[in-house]
Protein chains: 2
Amino acid sequence: MSKKKEDLLHTSEILFYDHGFHSIGLKKIVTESGIAMMTLYNHFASKEELIMNVLQRREDRYMDHLNFFTNLLDEGTSHSAFVRIAVAHCRWLNDYASKGCLFLRAKEEYGATSDHPIVVKVNEHKYRLKQFIQSSDTSRSPEEVISLCLLLEGATALSESENTDTVVQQTIKMAERLFG
Amino acid sequence: MSKKKEDLLHTSEILFYDHGFHSIGLKKIVTESGIAMMTLYNHFASKEELIMNVLQRREDRYMDHLNFFTNLLDEGTSHSAFVRIAVAHCRWLNDYASKGCLFLRAKEEYGATSDHPIVVKVNEHKYRLKQFIQSSDTSRSPEEVISLCLLLEGATALSESENTDTVVQQTIKMAERLFG
DNA sequence: CTTTAGATAGAACGATCATTATAATTACAC
DNA sequence: GTGTAATTATAATGATCGTTCTATCTAAAG
């Protein structure tokens with residue numbers, strides 16, 4: 001991966017996350033990156049493809065994060081897999097995502113047509129997360145899987161209007177009560 | 001309230017909710033409403049003020065909805081106030097809000113400056129909801145208030161990627177378990 | 001050194017944006 | 001019916017959008 005391309009993806013993700021997709025122009029992105037416009041178009045065919053790559057990159061990091069911390073918490077604690085996922089998600093929230101879910105935001109801004117590539121990618125991401133949760137503990141019922149999904153989405157959304165520390169603390173308490 | 005103004009607010013809310021605030025132009029709104037552009041500017045000083053009025057109108061309807069159904073459920077059930085709020089919110093979700101929270105979406109799209117009028121209005125809305133929850137049962141602890149907020153936000157967010165009926169069913173189950 | 005590929009700045013494209021000006025038309029109160 | 005206010009259609013404003021073109025420049029590889 002070219003360093004320029006990586007820089008563009010990094011800067012784009014920050015700007016999109018802070019201001020939304022439609023309100024950030026490509027000019028702002030290249031200016032902020034200190035990279036020429038034609039270099040952006042050399043790496044990405046369009047703004048839409050840039051967004052797709054930003055989402056893919058963030059999904060990879062999120063899933064890696066979830067995998068790493070649920071495995072890390074595996075040893076030495078009596079927490080169930082579901083509680084560990086909640087804790088790992090809260091850590092992600094606290095470190096990288098106190099302004100909502102970038103995927104849902106993308107879906108909302110491009111939600112006109114449900115077959116839009118961006119919308120498809122977001123749906124796939126949510127499905128992947130659900131599968132990850134299900135496969136982390138196959139003894140859990142579909143209802144319990146939905147419950148954990150709801151808890152994670154709730155934590156993400158609530159930290160947009162409420163102190164993240166408070167949300168994280170309460171989320172873990174609820175996870176322990178529901179899945180402990 | 002002028003009928004034209006009401007029509008504009010109605011159409012704007014639908015379009016903004018379906019496509020986002022930045023991606024909907026005023027031209028689309030007046031075309032869809034069958035109303036002249038100058039009439040829009042006669043009723044609203046700017047797009048920002050139109051959005052503020054859309055949010056205010058939706059907040060009023062949401063709070064009326066919550067008030068009405070929590071009171072309705074009051075008689076004849078053994079549900080706690082917190083469970084009744086969850087049920088009322090789920091009904092709103094099912095009827096009007098299966099594509100996320102319009103307020104959070106506004107905050108996300110205009111979240112650049114935290115003193116932006118739209119952001120301020122959204123923060124006030126979330127605070128108002130929290131106060132409503134707290135005052136519905138003063139015996140509940142601050143932690144329990146946060147828990148219910150998280151449950152409501154989670155239900156709203158999850159119904160963007162999961163069948164709303166499923167989300168509603170599970171949300172009520174969780175509310176009964178947590179606050180029954 | 002020469003070649004080749006990638007990166008640069010800047011201008012230009014047509015489209016769309018929010019907003020305003022103009023002028024004609026409708027509707028309603030007195 | 002006359003006058004006042006609201007609504008209309010249309011065009012124009014200047015700004016910004018995504019995208020492309022051109023032409024110069026840098027950097028690395030042979």
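Atom NZ in B/K3 sits about 14 Å away from atom P in C/dA27, given to the nearest Å. Following rounding to the nearest Å, B/H22 (NE2) and D/dG18 (C1') show an atom-to-atom distance of 16 Å. We find that NZ of B/K5 is positioned 11 Å from P of D/dT7, with the value rounded to whole Å. When the P atom of D/dT19 is taken as reference, atom CD1 of A/I29 falls 11 Å away, rounded to whole Å. Distance, B/F21 CZ to C/dA18 P: 13 Å, rounded to whole Å. Atom NZ of B/K27 is separated from atom C1' of D/dA11 by 11 Å (rounded to the nearest Å). Note: CG (B/L26) to C1' (D/dT13) measures 15 Å, nearest angstrom.
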Let me see the working for A/V54 and A/Y17 under side chain to side chain contact (heavy atoms under 4.5 Å, CB included), right down to the final yes or no. CA-CA 10 Å; A/V54 166; A/Y17 191 54; over 6 Å; no
Do B/I51 and B/F44 pass the side chain to side chain contact (heavy atoms under 4.5 Å, CB included) test, and can you show the C-alpha distance, the side-chain angles, and the key distance before you say yes or no? CA-CA 9 Å; B/I51 294 175; B/F44 307 99; over 6 Å; no
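Remark: A/Y41, A/S46, A/K47 in residues 40-56 of chain A come within less than 4.0 Å of DNA chain D through at least one heavy atom.
B/T70 contributes a side-chain N or O that, together with a main-chain N or O of B/N67, makes up a donor-acceptor pair within less than 3.5 Å. At distances below 3.5 Å, at least one donor-acceptor pair connects side-chain atoms of A/K107 with backbone N or O atoms of B/E160.
Using a 4.0 Å cut-off, no side-chain N or O of A/K28 falls inside it from OP1 or OP2 of D/dT16.
The closest side-chain heavy-atom distance from B/V119 to B/D115 is not below 4.5 Å. The closest side-chain heavy-atom distance from B/R58 to B/F103 is below 4.5 Å.
Of the candidates C/dT8, C/dT20, D/dT7, the closest approach to any side-chain atom of B/S2 belongs to D/dT7. Side-chain proximity of B/M38 to the nucleotides D/dT19, C/dT19, D/dT8 is greatest for D/dT8. You'll find that the side chain of A/K4 is closest to C/dA7, out of C/dA7, D/dC21, D/dT8.
Remark: aromatic rings of A/Y110 and A/H22 are close, center separation under 6.0 Å.
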